[in-house]
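Accompanying notes for the structure given below.
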Amino acid sequence: MDIQIIEHIKETLSVIIQCDKIDDEVIGLKSHIESFENKLYAQKDGIKVLVILSEVLYFESVDNHTFLYTQEDVLEIKYRLYELEEILSNKDFVRISKSLIVNINKIHSLKPELNRTILATLCNGELLSISRKYVPFVRKLLSI
Amino acid sequence: MKNHKNELVKFGVWTRNGIAFCTTWLLIILIAYCHIFNQQQIAVYLLTKMMFFIIGSVLIFNLLFTKLFIKKWTFTQRLTYFMMLYSVYESLSFYWLGLFYGLGTFIQWLIFISIICTLYLICIAIYQRRSKRYEKIYTQALKNYQQQRKK
């Protein structure tokens, strides 16, 4: 397998696989490349961990530290929330308050409240509140 | 600027519609009252006072339920302040109209306040029921979106 990197091309990053025919090996390689972008480095007890984004429930900023929450764990990451907003797909990860970015695919239900916020119930039963400022963005995303 | 103009137009429309609606019902009730109690005459000054009462009521309602003056209150806040303000306005107006006189008894005031509280709770109950319906709509929209993302 020959790997070439061509620098200084003013286009978005793209990977071209040239092959004789599409077999299992090529499909596996493609899947591996596709999943590469969907990971993030986080830290727990000083150990670096690679976290698959699809497993992340939400990100929270507390006292200038950013944490990511999965079903089983809480890990710290080095990014600020505004940096995460730039990195993450805005179709899957939505800012819902000043200190929270949630994985929209992990929300089980939404309930509008009397105070114009929306209560989001996650797949693990956790409740997050979408603040009034961010409700219009969520509604626009869901085409409500 | 455009938003403010829209709110101003909305306030105007609601005021016009509110006064028309209330005046119509006032006339219907007056006609019914006069028919039932066989009253042949209606005092003009009383009708005039009722008109002013209606205009004041509509203005209070629109002040609290449109976004021209108060932009960020929730429905519950608006309803609560409306009920409080309108109760005072209504009591004073009824004295002015001659419907209330003297201090009244404790029972009479209790009935009056009970009616207001009941109406308030009915409004909250209707709004909560509406919220439940919206919960289904929002959750369905969420599910549709999640399905689309999976494809």
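The sequence lines fix the lettering, A, B, ..., with proteins before strands; numbering per chain opens at 1.
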Point to revise | Under 4.5 Å from a heavy atom of chain B, the part of A/I118 involved | key: side chain
Revision key, fill the gap. The interface call for A/S109 against chain B, heavy-atom contacts under 4.5 Å, is both
Review point. Is a side-chain donor or acceptor of A/K106 paired with a backbone partner of A/Q71 at a separation under 3.5 angstrom?
Key: no
Practice item. Would you kindly say whether A/E126 and A/Y58 are connected by a side-chain donor-acceptor distance under 3.5 Å? Key: yes
Practice item. Look only at the side chain of B/T66 and the backbone of B/N62, and say whether a donor-acceptor pair between them is shorter than 3.5 Å. Key: yes
Check your understanding: Ring centres of A/F67 and A/F59 under 6.0 Å apart?
Key -> no
Exercise for review: Please test B/W96 against B/F53 for ring-ring contact (aromatic ring centres under 6.0 Å, His included), starting from the C-alpha separation and ending with a verdict.
Suggested key: CA-CA 9 Å; B/W96 183 51; B/F53 171 63; 8.5 Å; no
Revision key, fill the gap. Under 4.5 Å to a heavy atom of chain B? For A/I104 that would be both
Study note, to complete from the structure: The interface call for B/Y138 against chain A, heavy-atom contacts under 4.5 Å, is both
Practice item. Under 4.5 Å, heavy atom to heavy atom: which of residues 100-135 of chain B reach chain A? Give them by number, or say none. Key: B/Y127, B/Q128, B/S131, B/Y134, B/E135
Practice item. Taking the six-membered ring for Trp and the full ring for Phe, Tyr or His, determine whether the centres of B/Y81 and B/W73 are under 6.0 Å apart. Key: yes
Check your understanding: Can B/N144 and B/Q146 be counted as having a side-chain donor-acceptor contact under 3.5 angstrom?
Key -> no
**Study point:** salt_bridge(A/E85, A/R95) N-O dist < 4.0 Å
**Key:** yes
